[in-house]
Each structure stands twice: as C-alpha cells, then as structure tokens.
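Okay, so here's the structure we're looking at.
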Number of protein chains: 2
Amino acid sequence: MKKKITLKQIARELEVSISTVSKALKNSREISKDTTEKIQAFAKLYNYKPNNIAISLKNRRTKNIGVIIPDIVHHFFTTVFRGIEQFAGTRGYNVIACVSDESFEKEVINMELLANGSIDGFIMALSAETQLKNDFHHLKEIIDQGMPMVLFDRVTDDVICDKVVLNDFEASYMAVKKLIENGRKRIALVTTESYLNVSDKRAQGYYMALKDHKLELDESLILRLPYQYEEEKKSEAFFAANRMDAVLCVNEIFAVRSMKIAQKNGIRIPEDVAFIGFTDGILSKLATPALTSVAQHGEQMGAIAARMLIEKIERDDEKELEEETFRTEVIEATLIERESTIN
Amino acid sequence: MKKKITLKQIARELEVSISTVSKALKNSREISKDTTEKIQAFAKLYNYKPNNIAISLKNRRTKNIGVIIPDIVHHFFTTVFRGIEQFAGTRGYNVIACVSDESFEKEVINMELLANGSIDGFIMALSAETQLKNDFHHLKEIIDQGMPMVLFDRVTDDVICDKVVLNDFEASYMAVKKLIENGRKRIALVTTESYLNVSDKRAQGYYMALKDHKLELDESLILRLPYQYEEEKKSEAFFAANRMDAVLCVNEIFAVRSMKIAQKNGIRIPEDVAFIGFTDGILSKLATPALTSVAQHGEQMGAIAARMLIEKIERDDEKELEEETFRTEVIEATLIERESTIN
DNA sequence: TATTAACACGAAACCGTTTTCGTAGTTAAT
DNA sequence: ATTAACTACGAAAACGGTTTCGTGTTAATA
C-alpha cells in the first residue's frame, strides 16, 4: 500500500525546500529548468497530487457546493440535482447532497453542519415543514454570514437571495385554459394537503383561469392529499362522489394515482375525464393513458441555479465591496400533451 | 455581514492564547473555571463554530464519503443513495455525490478528484462503459493507496474490496420458476444490450430456470435493448413477431414500456402474457396493470454499504497493522406480486 | 573595478485547528 | 527552608499546501 506523497516528502527526498517543490510543480519561472524537470519527474513517478483539504484551507474555498433537497427519490428533484451536478462539474465543483426529508430540523442540522467551512455556497429547496412553520432564521443567519445561496422551486419571499422558479401560476393557468378550450367545464384540482408555495401558486392559476372563463369555483372539486404517503380511501371517495370532466394535479404521482382510481370507477380517460399533471417525468410518459403533463425543466433549473451560485461565489472572490444584488430567474413551463387530454 | 469568528480572534479579544481558547471550548480540566466560562460565553455570543476544513486537515479525516453512481434520475440508484445518505447522517458523515453518466472517463475523473483528500472512502456502482471496457485500474490504484471502498450492485470480481449485491441469479430464477408454475411456457427475456454484471446474472437465472424445468431456450425470445434511450421500433417488432406467454424484464422501465407496446398489439396482460420486472419502483406500482416486480431493497443496500464503509474507515483509525479482510453482503430480493402476473 | 540586475532558491508566514510539552506561580509536604 | 506537586496557562509543532520576501551567486553594465 503506497500512501499519498506530500510536498514535504518530495522536498526531503530531493534535498530541496518545500517552496521549491511547490513552485517547480506550478512551472514557476523562479525555478531553473533542471530542478523543475527533476522535481516534476519525481512527482509524476510517485503520482503526486496536491491535497484538496490543504488547498481549501489555504484558499478558504472548498470547490464544494451544498445541495439540500426535501427528497431524493423524487423525479423532479433528481433532475434538478442532475442539472446542478453536471454544471458544477464543468466548473470544477463537487456537490455535497443532503436530504431534509421534508423535516425542518434535519434541514437546520444539515445546513449548520455544512456551513462551517465544508462548502462555498448552498442550493436548496425548502422542506415542507419549513414552509409550514414559516421559520427561515437558519437561512437568514447563514446568508448573513456571507454564504452565497440559491433557492429553487420551493422558495419564499421572506428570504432575500438568488432564486430559480417555475412560472407556476402561468403554467397552471394555461393548463386549465387548455382544458376549458377543449370543452371541459367541471374541472377538479388535486393538490397537496400541507402548504407548499408551488402548490399554492398552481392553485391560484387554477382559480384565476376558472374565473376568467366564468366558471364558478366548486370547493367540493378540490382534493387535498398528503404529500408523502398514499391515501387511497380519500381519493376513492372523491372520485366516487363527484362528477367532473377534467382534473388538474399538482404533480404526476397524484395524477397517475388519480387516473388509476378513476379508471377503476369506470371512468374513461380522456373521453369522460381529462387529466393534466405537473412534473412530466417517466411516470407521465409510461402511464396508461400517457399523461399530459407540465414539464418543469428540472435539469435546466438545476444548471441555472448552479451557474448563479458559482457566479456569486467567484464574484465574492474578486470584489469585496460591490453592492449585493439578487436575481430571480423564472423558467417557462411547457405543456406536453399526451393521451390523457386528447379527445 | 458578520463573518465567522476564529479561535485566533477570540484569543486576541480575550487576551489569552489560542491553545487556551481551544481547550476551554473543549472543557479541558487544564483551564480554570473562570477562564472557561468567560471564553465559552464569548464564543457563544459570537456563535463560534470550528472550521471543518481545518479539523479535517488536522485529523486527516473529512467525515465525507464519496458516492459515484451511473445515473441519478433512476429509481434504484436513488433509493440506494437515500439509504447511504440516511445512514451516513446518523454517523456524522456527509455525502459527496458524483454521477458517472455511464461513462468510464467521467468515473475516472470524478474518482481522482475526490481521492485527493476530499473524502474518507468511496461507495460506488460501476458505469456501463467501465464494465464493458473491463478496465478497473482506477479502482485498484485508489484502493491500493489505502482508500476504503464499497462496490454495490454493479460490481466486478476483478476488484477486491467490500461489496453489496442482490442475489440476482436466484431472484431471476425464482421469478421464472413462478411463471412456469403458473403454467407459462414460452417465456421471453428483455435485457440490456450492453454488458452489465447484473443483467448477465439475471439472464443466467433465467436460463437455469428454463433448463431445470425442461423448457428449451429460444434465442428469438430474447430482446436486448439499449439502456439509456428508448428504441420503440425494436420492441414493436419483437412483440409483433413472437408469440410468448410471459416476459421477464431486467428492470421496470423495460417492463412497463414492453407492456405498453404489447397492449397496443392487442395483447391482454396477464391473460395472454404475464410480465415480471426488476426494481419495484413507483413505476411498477402505478403501471397499468400494476407490475409484478422484484424488489431490490435499494435503501437497505445503501445503508449496508454505508455501514460497511464507515466501519472500515473507523477501523483504519484504530489499528494499522491488522490484516485486511473483505466482505460481500448479499441482499435477498423479494418478489412483489401484482396484477401483471395474477391469472 | 564597482554597481546593479537577474537568477535560483530557501525561510517563514499563513490558512484554523489540535495537542504536546514546558514553565511560571502557588500550595503542600518534608 | 527546601522540595515536590499541582494548577493554569502559553509556545510551538503539526496537518499540507501557497506565497511573499530575503539572500547568496553569477552575469551584465557603467
């Protein structure tokens, strides 16, 4: 077993100083050609690679970014993560991934753990519990310490920082409008039980679209489901009790589950009831019938979040005094039409 | 903006030495009660937290583990990741996630980047390209440098280290046996085009089950598909050309895609053809009909991998000389029966 | 020949901790 | 009064690099 070699060992072996070795490996003109070649040859032979931790300590930059997401077994967050990881990779950054599991406490613990020097900045989506508690002191403190931060998807106006979001309101509005134009009149909404800014915006878009098209809002056509586990009874009762001709769901899982239950009740899709979901993951494509879905472009969102963060990190390096400015980038959703809405 | 405070600043402010501050914060008996209280109060006021990087450098331990997976938008790998992250969290470890994207080169680059001090050990599943090239020198080198490593799922006998795998052969055998016992006789196999150890083992299980039940192996009943993108034509031709009464697929995506194509061809599931897939993700549950699937227990697999790795890391701390021993843990798959096989 | 500049390298500080060891000052024991 | 033993703290090395500055040697210039 050959342990990694250090500058010090090379220096001792070659009877030069550590500084000389360091400079030679960086091709500094300060060092003679002979010495440089000798050192580089030796370093190569012993496969010398500088220790990242030592460099991080020196530079006070880790080239790591922290990503905190509520759930990893989740198509949308995963695609965002991929976008972040890919973009970060091109810029030489690694990604430390933490899962808050929709828990406020885990979010706080993870953030504090990482904020103590392990990373150069955060990219995160708020946990459901955090949104519910409406408590963002942990974010504020960390931002106040000068840690760059980008919030995506699950954001809040209470925290001032860079953000990347979907045009949820408009996307939802357009989806409902499309249903109405296709002649649907009794449009149900399946949304999350707990408060999430995105669900809320999608609901607002739904309300507005109904209103603009003179359709009255029927509260009994709104189904609120728990986010994480399945509650089949509630859904079954909902579809048994109500007559509708279309359903908008705030994510694809709700949509596909709902379709299954509706179909079990003898409802034909899309003839009797049309379905639209959000997310457009693999589930949408492979459901029966294939689900019309609002693409959230997670990968793009992740890449943009990573770009914003890295720009801020590297700008901090340059100028210290410049006035801070924060941006919010809005990604345009796209409606992908499939069998669940085509008449 | 209040930047993080350091020991040195506290020391200067309180006119004591850095060592005294460090000891006081650790409640060392060396420091008087008065001094300790004064320092702790000051530290608390300024929210002092030790710098992780400095500690990592000192201890030569980062409390980070590197996870390299071929793909993150992938149900199985995601569940494994969750298992790793959860277990690691309970032990105070963070997870640095890298995606090899099934590429040999990316795998090498990511590993080398992380191996230079950023992490204490690796957990990884080999990329498809790596398995194809059969080139594992990067793994060997890193292991040889004393870096603990656990391979999971996509493993190889050529690398000697800890491993966690599914009993793929047996799981596949049992699945096929179940089909045969249900009276199926012409059983197709849908597997990956490129070589993967897991696909291969599943195919071996399939062969063996056929053989043991005196069913002859019909090569035309084997469909090989590309792993990452969809090739609908090939599948369509396959289901149009062949008559079968059951299909075993090496993952749930192949299974659900196949079911859709079969259904389009007027095949009834499970009456005409039964389907079994591997993975048992959300797709299996929500497909129509719901797919009978081999549960791979990814989360458990991840937790076990993390436990093995952390044990090795922390054992390395203790004893240096002890003989290295490597284990392979085998997870037992479970067949989850759903509509796609029930007659 | 004296002065200056270029060259090639080393010493040391620094990043932020931890930890060993040394030592004043006090107290207790001889 | 002398020695021994604490107590409470500081200096310094170490982790593994980078970087600034100083310096001895040689070569070029006046």
Side-chain angles (χ1 to χ4, degrees), chain A residues 3-40 42-43 46-64 113 115-120 145-146 316-317, chain B residues 3-40 42-43 46-64 113 115-120 145-146 316-317:
Chain A
K3 281 265 174 208
K4 307 229 68 162
I5 197 172
T6 67
L7 285 190
K8 192 194 276 195
Q9 295 170 43
I10 299 182
R12 194 186 316 133
E13 214 60 39
L14 263 38
E15 298 183 305
V16 291
S17 74
I18 295 180
S19 1
T20 301
V21 179
S22 175
K23 289 169 189 166
L25 293 176
K26 298 186 116 58
N27 286 310
S28 159
R29 280 173 288 98
E30 256 183 271
I31 308 300
S32 72
K33 203 169 165 234
D34 277 7
T35 313
T36 300
E37 279 172 3
K38 187 176 61 176
I39 292 176
Q40 290 191 351
F42 189 92
Y46 284 90
N47 191 31
Y48 170 79
K49 293 282 165 50
N51 180 306
N52 293 333
I53 296 292
I55 292 178
S56 294
L57 183 58
K58 183 95 244 274
N59 300 346
R60 291 136 113 225
R61 281 275 119 87
T62 61
K63 285 269 184 175
N64 285 158
L113 216 65
N116 298 132
S118 300
I119 57 166
D120 297 339
Q145 285 167 12
D316 282 3
D317 274 349
Chain B
K3 280 266 174 207
K4 306 230 69 162
I5 197 173
T6 67
L7 285 189
K8 191 193 275 196
Q9 295 168 44
I10 299 181
R12 194 186 314 135
E13 211 63 36
L14 261 37
E15 298 182 305
V16 290
S17 74
I18 294 180
S19 1
T20 302
V21 179
S22 174
K23 290 167 187 166
L25 293 175
K26 300 187 115 58
N27 286 310
S28 160
R29 279 173 290 95
E30 256 182 86
I31 307 299
S32 72
K33 203 171 162 228
D34 278 6
T35 313
T36 300
E37 279 172 3
K38 189 177 60 175
I39 291 175
Q40 291 191 352
F42 189 90
Y46 284 91
N47 191 32
Y48 170 79
K49 294 281 165 51
N51 180 306
N52 292 334
I53 296 293
I55 292 178
S56 293
L57 182 59
K58 186 94 244 283
N59 299 347
R60 293 138 111 225
R61 280 276 120 87
T62 61
K63 285 268 184 179
N64 286 157
L113 216 63
N116 300 131
S118 298
I119 58 166
D120 298 339
Q145 285 167 14
D316 282 2
D317 275 349

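Chain letters run A, B, ... following the sequence lines, proteins first and then strands; every chain starts at 1. Since we're looking at a predicted model, the values are computed, not measured.
Here A:Ser56 lies out of heavy-atom contact (under 4.0 Å) with every strand.
In this structure, CD1 of A:Ile10 is placed 17 Å from C1' of C:dC9, rounded to the nearest angstrom. Computed from coordinates, the A:Leu14 CG to C:dC9 C1' distance equals 14 Å when rounded to whole Å. With rounding to whole Å, B:Arg12 atom CZ is found 11 Å from C:dG16 atom P. Rounded to an integer number of Å, the gap from A:Glu37 CD to C:dC9 P is 12 Å. The CG-P distance, from B:Leu57 to C:dC14, rounds to 17 Å in whole Å. The nearest whole Å value for the distance from the CD1 atom in A:Ile53 to the P atom in D:dG16 is 11 Å. The nearest whole Å value for the distance from the CG atom in A:Leu25 to the P atom in D:dT19 is 13 Å.
In terms of heavy atoms, B:Leu7 sits closest to B:Ser22 at CD1-CB, 3.8 Å. The shortest heavy-atom contact between B:Asn116 and A:Pro50 is CB-O, 3.6 Å.
With sequence neighbours left out, A:Lys23 forms a salt bridge (Lys or Arg N to Asp or Glu O under 4.0 Å) with A:Glu30.
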*Worked check of side chain to side chain contact (heavy atoms under 4.5 Å, CB included) between A:Thr20 and A:Ile39*: CA-CA 9 Å; A:Thr20 301; A:Ile39 292 176; 4.0 Å; yes

*Verify side chain to side chain contact (heavy atoms under 4.5 Å, CB included) between A:Tyr48 and A:Ile10, making sure each step is shown before the conclusion.*
CA-CA 9 Å; A:Tyr48 170 79; A:Ile10 299 182; 4.0 Å; yes

*Between A:Glu13 and A:Ile5, is a side chain to side chain contact (heavy atoms under 4.5 Å, CB included) present by the stated rule, with each step listed?*
CA-CA 11 Å; A:Glu13 214 60 39; A:Ile5 197 172; over 6 Å; no

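Side-chain nitrogen and oxygen atoms of A:Ser32 include none within less than 4.0 Å of the OP1 or OP2 phosphate oxygen of C:dC7. Side-chain nitrogen and oxygen atoms of B:Arg29 include none within less than 4.0 Å of the OP1 or OP2 phosphate oxygen of D:dA8.
Between the side chain of B:Thr36 and the backbone N or O of B:Ser32 there is at least one donor-acceptor pair closer than 3.5 Å.
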*If the sugar-phosphate is the primed atoms plus P, OP1 and OP2 and the base is the rest, what is the B/S/- string for nucleotides 17-23 of chain C, using protein heavy atoms under 4.0 Å?*
BBBBB--

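A residue-by-residue look at B:Glu15 and B:Arg60 shows that B:Glu15 has its nearest nucleotide of DNA chain D further toward the 5' end.
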